[in-house]
Amino acid sequence: MDSHEAHDPHASVPPGAPAGDLARDLFFPEIVKGMANTIKHFFQPQKFTIEYPEKKKDIPRDFRGEHALKRDAQGRVKCVACFLCATACPSECIHIVAGPTPAAWTDREKYPVKFDIDMLRCIYCGMCEEACPCDAIELTSKFYQVSETREEKYFQKDKLLQQPEKREYPDEA
Amino acid sequence: MPTIKVNGKEYDAPAGKNVLQFCLDQGLYVPHYCYHPALTIAGNCRMCIVKGSGPGLRPGLMTSCTLPVQDKLEVETEAPDVQKAREGVLEFLLINHPLDCPVCDQAGECYLQDYSFKYGRDRSRFVEKKVTKHTKDVGRNIRIWGNRCIVCTRCVRFCEEVAGTGELNVVERGDHSIIDNFPGLPMDNLLSGNTADICPVGALLDKDFLYQARVWYMETADSVCPTCSVGCNLKVDTYQGQVKRLRPRENQAVNQWWLCDIGRYNHKFTSAPNRLGLAKTRGVATAATAAIAATAVSAPALEWERCSLDGALARTWETLDKFVRAEGAGAVAGLASAWLSNEELFLFRKFMKLGIGALDLGLVAHQDGEAHAFKSGFKIHADRNPNRRGAQELLGADAAKDGLKRVLDGIRAGRIKAVLAAGGIPGWEPDPALLAALRKLAFVAVLDVAEDAPLVSVAHVVLPGATWVEKDGTFTNAQGRVQRCQRALPPPGVAAPESDLLQQLLVLAGKREKVLSAQGVFAELAAEVPAFAGLSYRDLGGQGKCLGAAADPAVAAR
């Protein structure tokens, strides 16, 4: 006889068991078995959980968290308002208003007057980062997203420029 | 007629026509930059190169724009050596061209981009330093990015041959060649905006549209220009609910390929903050009793109240009706506007005659501007209204000419007590006598588009209407050509096309069962007005048809 059939763990009534056994019908032996397994692991030294938020996990290098707008060497926004991120964005959450640069910026003609990302629409796919010809936008490793209002999740240029750089947070040791 | 062979297929071609235009007419696309059907042939971009052979012709690669059709000519447009030559031409054109497509406004409608993608190499072999050239304003509306220029000289030939002003020329030599205006002669002619349209690359750009929108985001509707009675065909480009630019649309019978700057930039009023998005009324109850008591309270002394559109329409109809009952139909007059579409003028007359029974109809119109004519025959009319001709047909030539004077006389004589007036004319400075007369009236209902429009200042009821980009309709230009304008945007707030508002008034008057689309109204109009007989939206198509086309084959051919 096939051994698999003989010890089918999913069979409601094991073969040869007497009918109407109350302890078995209440899954009592199974519960005891399960608890024994749990208690066994409880006393083992190896731990799989971390004490968040006091301790933080290492975020993988390519993690796609909240966006940041990067700055150039002079501290100006790197973005040139080419709209390629907004064009690539599948959830249409990037809203840019372009304008001529301030007169002092002699190397560039166009920059974003407004650069808004609706984080509640964003799906964190990273297409904006991939499309950017100037390496001006990136998805940082910042992943916790708490806000009390919807408006706070509508990130504007100032907020995006103040985001931490990629992989700076949390401590990467 | 000479027989020529293009890509192995025989065609009968008109002698003397250039092979490039012939191929384009046949739907055989040959890439080109410097050739434009309106301009003389320059043959300098070398992009339209084809392989040709024929009697008296040294066989080989030649530019198809400079190659006239002759008998037994054989042309190949996609031969391997043609493709290789094109690739070479593009590589040369791109030698000094910056890789700034992401910040260039032309990206998306740039022929250099498109052809590079389709015919060009995928990378440059050029390792030297690129030549850099000036970026400067060459005129009031146009700026040149010299680095992007491929010196096709379309703009130079345009200014010389179409505008007839010749401000631009090529300066410097060799790879330093660059377009510039003559010192002290900026390109301020009234057709200057067209140079940005015909520029195949991003060298000449319109300062008004600069950085406004990436072109692939914009939606386009075919329309006509309302700024003068020429009625240039144009495209309305919109982005995020705003008109961003107007571009000419080819119509050889009207505007060739061009659009003047006066019309091109006259779209700001459509998205101005002063647009009327709500209906409002003031002192209508007083006005209604005033009809009987004959103690009019002039509108400017009263405070505005907000009102639903339906409420405002109902009050308009009820009050006008009360005046008719108390004083007779002669107490109400109508002032239509030369900015209304044919359909709206038709409905306006219908409401005034059928709904009210009014005796007097007049026409208000924008004050005349300056007329201009250009070397190519392009014209700007002094009549700065899109539909004066339509008003003459639909209100009657007499009403369109002298109606306004009669209405004014009627008001001054105290016979006319209430007026339904349509405005919607941007930048209109009406005769002060008209406003002074209207100000004395017991009741004025106005269809207009701007909060600070002249007519609104004397109104008791304001019904918010739509600008020409927000409605479907037709305008009749000065030559009698009926042309369609198509809706590109929704009107703001509760505003609605005047054709809808006037039909709702007709419904209230019990003269109509339901509100029809502009197309439905036009069908009704064509059935009732002889001049428009035989016309329909389908017949009008993209280029319009002349009035009386059904009766006269000579007119139909126009």
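In what follows, every chain begins at residue 1, and chains take the letters A, B, ... in the order their sequences are listed.
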Does atom CD (A/Gln74) have a neighbourhood of more than 12 heavy atoms from anything else shown, all under 6.0 Å?
yes
Let me have the donor-acceptor pairs involving side chains of residues 37-45 of chain A, under 3.5 Å, with sequence neighbours excluded, atom names and distances please.
from	atom 1	to	atom 2	distance (Å)
A/Thr38	OG1	A/Gly34	O	3.1
A/His41	ND1	A/Asn37	O	3.1

At their closest point, which heavy atom of B/Val103 faces which heavy atom of A/Lys110, and how far apart are they?
O-CD, 4.0 Å
Just checking A/Glu148: does its CD atom have more than 12 heavy atoms from other residues, nucleotides or ligands closer to it than 6.0 angstrom?
no
Within a reach of under 6.0 Å around CD of A/Glu92, are more than 12 heavy atoms found that belong to other residues, nucleotides or ligands?
no
Does atom CD (B/Glu219) have a neighbourhood of more than 12 heavy atoms from anything else shown, all under 6.0 Å?
no
Counting neighbours of NZ on B/Lys268 that are heavy atoms of other residues, nucleotides or ligands and sit closer than 6.0 Å, is the number greater than 12?
yes
Can you tell me how far the OG1 atom of A/Thr101 sits from the OH atom of B/Tyr211, to the nearest 0.5 Å?
6.5 Å
Please name the pair of heavy atoms, one in A/Cys82 and one in B/Pro102, separated by the smallest distance, quoted to 0.1 Å.
CB-O, 2.8 Å
Residue B/Phe92 excluded, over 12 heavy atoms near CZ under 6.0 Å
no
Can you pull out the residues in residues 143-159 of chain B with any heavy atom less than 4.5 Å from chain A?
B/Trp145, B/Arg148
Answer yes or no: does atom OH of B/Tyr29 have more than 12 heavy-atom neighbours from other residues, nucleotides or ligands under 6.0 Å?
yes
Report the C-alpha distance between A/Thr87 and B/Tyr217 in whole Å, list the side-chain angles of each, state the deciding distance to 0.1 Å, and finish with yes or no for side chain to side chain contact (heavy atoms under 4.5 Å, CB included).
CA-CA 9 Å; A/Thr87 305; B/Tyr217 282 122; 2.9 Å; yes
